[in-house]
Amino acid sequence: MDGGSCSNSVPGSANFDKSRVLDVKPLRTLVPVFPSNTQGPPFASGFPPFYPFNLPQGVNQQTHNPTPLRSFPVRQPNEVPGEQHEDDDNYEDEVFDDPKPLRKRARKARTTVASGDFVGAIGLSQREDGDREVVTNVLMRFDGLRRKLSQLEDVKESMKGGIKRPDLKAGNILMSKGVRTNMKKRIGAVPGVEIGDIFFFRFEMCLVGLHSQSMAGIDYMIVKINLEDEPLAVSIVSSGGYGDETEDSNFLIYSGHGGINKKEQAADQKLERGNLALERSLHRGSEVRVIRGMKDAVNTSAKVYVYDGLYTIQESWLEKAKSGSSTFKYKLVRVPGQPNAFAIWKSIEKWKEMISSRVGLILPDITSGAEKIPVSLVNEVDEEKGPACFKYFAAVQYPKSFKLTQPAYGCNCQNACQPGNLNCSCIRKNEGDFPYTANGILVSRKPLIHECGSACPCLANCKNRVSQSGLKIRLEVFKTKERGWSLRSWDPVRAGTFICQYAGELIDKTSEDDDYVFDSTRDYESFSWNCESGLIDSSTDASDNYAIPSPVFISAKNIGNVARFMNHSCDPNTFWQPIMYEHSNESFLCIAFFALRHIPPMTELTYDYGISRSYTDPCKKKKCLCGSSKCRGHFG
DNA sequence: GAGTGATCAGGTCA
DNA sequence: CTGACCTGATCACT
C-alpha cells in the first residue's frame with residue numbers, strides 16, 4: 001500500500017467542518033517515512049518476504065510498492081526519537097527532546113488542513129450533533145485508547161493496589177479532549193446511533209450521547225413546557241441489578257432507582273430525579289430510549305449493552321419488595337415499526353438451546369467437529385442446499401518447501417508469559433508489548449505479531465496464543481440474497497476479538513480463476529485502528545498505516561475453514577493480521593482475522609479483499625455489492 | 001471450573 | 001462541592 005497517502009478514507013475524515021475544528025492534530029505526515037534504522041526482524045530493511053518464505057520477489061513489490069516498511073526497533077532507553085517518530089507530531093511531551101522542534105512545528109502548520117482524519121478534535125458542531133461517521137470515529141478512538149491503557153495496566157499488574165479501570169480512564173481522557181458527540185441531550189433518536197448497535201462499556205454510550213450517565217440507569221433532561229420546567233426521561237439502561245422483567249422483547253418492566261442501601265435495610269424509593277422524570281414522561285407520552293444490558297456470551301464476566309430503540313411508558317405503579325420497602329415500577333412498550341434488535345438476541349438464545357428451532361437450518365455443524373464449537377449452515381432465502389464441496393480444515397496446510405529450516409526458538413517462561421517481562425523472548429519479538437489484553441483482545445495492529453507456540457515451554461493457558469485456540473464465537477454460514485454464502489456471528493463481538501484464521505493451502509501465487517484465495521500483495525485501503533499517539537504519555541505505538549508486507553497466498557478452494565465464506569466490503573468490520581508462532585522447531589505464519597469494531601449478532605462479517613495489482617485488465621475486477629456508503633465500486 | 005456475592009476505586013451529572 | 005448512582009474487575013466462596 002502507499003503508506004504515505006493521506007487521501008484515504010478514514011472514519012471521520014469527510015464531513016468535518018474544517019473552519020470549526022479547534023485543534024487538528026495530524027498523526028501522519030504527507031511524506032512517507034523511511035527509517036534509517038534497519039534492525040528488528042522481520043521487516044527491518046526494505047521489503048522482504050515473510051520470514052520463512054523466501055519466494056522470489058514479485059513484480060508487484062518493486063513496481064507498485066516503493067514505500068519501504070517502517071521498522072519497529074525496540075526503543076532503547078534514552079533513545080532520542082528521530083525521523084521515525086514524526087508521526088508523533090502532536091506529542092507535546094516529547095518535543096523537549098526533539099532535536100528539530102522548529103521543523104516539526106512548521107510541518108504541523110502545513111499539514112493541518114490536510115488532516116481531519118482519525119486523529120484530532122471533533123468539530124464543535126459535531127460535538128453537539130453527530131452522525132454515523134463521527135459516532136464510529138469516537139467509538140474506535142475510545143476502544144483503541146482503552147485497549148492501550150489496558151495493556152499498560154497489565155504490565156503494572158504486579159504492583160499491588162490500583163483497581164484497573166481503563167474504560168474510565170479512556171473515557172475521561174476523551175471527554176476532556178472533546179472527543180465526543182451528541183452532547184446536546186435530546187428525546188428520541190440520537191443521530192449516528194442505530195437500533196441494534198452494541199456497547200461494551202457504559203462510557204461508550206456517554207461519549208456518543210446515547211446515555212450520558214456513567215453509572216445511573218435513568219438519564220433525563222429538564223424541558224420547558226408552558227414556561228414550566230419539567231423533567232423528562234431520555235434514556236434508561238436495564239442491566240439486571242433491580243430484577244427488571246425483560247423476557248418479552250416488546251415490553252420491559254423497569255424499576256425506579258434508589259432504595260438500595262449498602263449497609264442498612266432497603267428503603268422506600270422516592271418520586272424524585274429519574275423516577276420523577278419517568279413519571280412525567282408517562283404523562284406526556286414522551287419516548288424513551290431503551291438500552292438493554294446482559295451478560296456477554298463470550299466473556300461471561302463482562303456485560304454487553306444493546307440499543308433497542310424507542311419505548312413509551314404505558315403505566316407505573318408502586319410495588320412492595322420482599323424487604324417490605326416500596327419500589328417504583330414502569331411498564332415500557334416498544335414503539336412499533338422499528339427494526340429488531342433485542343428480539344434477535346432472544347431468538348439466538350432459543351437456537352442455542354435447541355438448534356432445530358433455527359429456521360432454514362441445513363447442517364448443525366458444517367465443520368463436522370473440526371472446530372470446538374459448531375458452525376451451522378443456514379439458508380433462509382432460497383432452495384440451495386449448501387456451498388460447493390470443500391474439505392473443512394481448521395488451519396493452514398503448509399507444503400514442505402515452505403517450512404522453516406532455521407531452528408526455531410521459543411521463550412523460556414515457566415507458567416504463562418507475563419506482560420512486561422522482557423526476559424520473555426516472545427514479548428521481546430513484539431517490541432516489548434504483550435499483543436493481547438488479559439481477556440484476549442488484540443491491542444494494536446502490527447506488521448507481524450509473534451505468538452507463543454509449542455516450542456515455548458509456557459503452558460497452554462499462556463495469553464499469547466490467541467489465534468491458535470480455535471473458534472471462540474458462535475458462527476453461522478448463511479446464504480445471502482445477492483452475494484452467495486457468507487459468514488456471521490450469533491454472539492456479539494467486541495472490537496479486537498479474534499474471529500478465525502484464514503485456513504487453506506499455502507500456494508506460490510494466485511491463479512486468476514480462484515475465488516477463494518487470500519492474497520496479501522493486493523492493494524488494501526489503509527485505516528487507523530491503533531491508539532492514536534498523544535493521548536497518553538507512554539503510547540509508543542507507531543501509526544498503523546504501515547504498508548502490508550510480503551507475499552502470502554492461501555487458497556481455500558479445496559481446503560478451508562469459515563474464513564473462506566467471508567465476503568468483501570469496502571467498509572469492513574474485520575481485518576486481517578499476520579501472526580507467527582513456532583511449532584516442532586519450525587516457524588509458521590498465519591493470517592488471523594480480528595473484529596475492527598463491535599459487531600452486533602447476525603451482522604455479516606466482512607473484510608477488505610483489496611485490489612489485485614497483477615490485473616492489467618480492469619474488467620477482471622469484480623463489481624462490488626457491499627452497499628456501503630464508502631463503496632469503491634469494485635474489488636478483487 | 002462456572003456461577004454468584006462482596007468489595008472497592010472510580011467516573012459524571014445534578 | 002457533595003453525593004447518588006442499574007459500573008466493571010477481582011477475589012472469595014459455593
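Letters A, B, ... are given to chains in the order of the sequence lines, protein chains preceding strands, and every chain is numbered from 1. Keep in mind that this is a model prediction, so the values were computed, not measured.
Across the protein-nucleic acid pair, A:L276 atom CG and C:dC5 atom P stand 14 Å apart, rounded to whole Å. Straight-line distance from the CD1 atom of A:I222 to the P atom of B:dC13: 15 Å, rounded to whole Å. Rounded to whole Å, atom P of B:dC13 lies 14 Å from atom CE of A:M205. Straight-line distance from the CG atom of A:L168 to the C1' atom of C:dT10: 15 Å, rounded to whole Å. Atom CG of A:L278 and atom P of C:dC5 are 13 Å apart (whole Å). The CZ-C1' distance, from A:F203 to B:dC13, rounds to 11 Å in whole Å.
When the side-chain nitrogen and oxygen atoms of A:N172 are compared with OP1 and OP2 of B:dG10, none of them lie within a distance under 4.0 Å. An OP1 or OP2 oxygen of C:dC5 is reached within less than 4.0 angstrom by a side-chain nitrogen or oxygen of A:H257. Within the structure, a side-chain polar atom (N or O) of A:K185 is placed less than 4.0 Å from OP1 or OP2 of B:dA14. In this model, the phosphate group of C:dG8 is approached by a side-chain N or O of A:Y305 to a distance below 4.0 Å at OP1 or OP2.
Of all heavy-atom pairs between A:R494 and A:A595, the closest is O-CB, 3.5 Å. The two atoms that bring A:Y220 and A:A233 nearest to each other are CB-CA, 3.8 Å, heavy atoms only. The nearest pair of heavy atoms linking A:L207 to A:G171 is CD2-O, 4.2 Å.
The listed nucleotides are C:dC5, B:dC13, C:dG8; the one nearest the side chain of A:Q213 is B:dC13. Side-chain proximity of A:M215 to the nucleotides B:dA14, C:dG8, B:dG10 is greatest for B:dG10. Nearest nucleotide to the side chain of A:R202, out of C:dC5, C:dT7, B:dG10: C:dT7. With B:dT12, B:dG10, C:dA9 as the choices, the nucleotide that has an atom nearest any side-chain atom of A:S214 turns out to be B:dT12.
Side-chain atoms of A:E315 and A:W317 include no donor-acceptor pair closer than 3.5 Å.
Side-chain atoms of A:D308 never come within 3.5 Å of backbone atoms of A:V290 as a donor-acceptor pair (strictly under, hydrogens ignored). No donor-acceptor pair closer than 3.5 Å links the side chain of A:N299 to the backbone N or O of A:D296.
With salt bridges taken as basic N to acidic carboxylate O contacts below 4.0 Å, none links A:D229 and A:R280.
Nucleic acid contact class of A:S255 (heavy atoms, under 4.0 Å, all strands): base. Residue contacts shown for A:G258 are limited to sugar-phosphate atoms, with no base heavy atom under 4.0 Å away. Residue contacts for A:R180: at a heavy-atom cut-off of 4.0 Å it reaches the sugar-phosphate backbone alone, with no base atom in range. Nucleic acid contact class of A:D219 (heavy atoms, under 4.0 Å, all strands): none.
C:dC6 has A:Y254 stacked on its base ring, the centres lying under 5.5 angstrom apart and the planes within 30 degrees of parallel. In this structure, A:Y242 packs face-to-face on the six-membered ring of C:dC6, meeting both the 5.5 Å centre cutoff and the 30° plane limit.
Listed by first residue number, the stems of DNA chain B with at least three Watson-Crick or G-U pairs below 3.5 Å are B:2-9 with C:7-14, B:11-14 with C:2-5.
Proximity of residues 228-238 of chain A to DNA chain C (heavy atom under 4.0 angstrom from any strand atom) is restricted to A:V237, A:S238. A heavy atom closer than 4.0 Å to some atom of DNA chain C occurs in no member of residues 282-300 of chain A.
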A:S326 vs A:K320, test: side chain to side chain donor-acceptor pair (under 3.5 Å). Steps then yes/no.
CA-CA 4 Å; A:S326 49; A:K320 286 272 179 218; 4.6 Å; no

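Using cut-offs of 30° and 60° on the angle between ring planes, the pair A:F527 and A:F575 is tilted.
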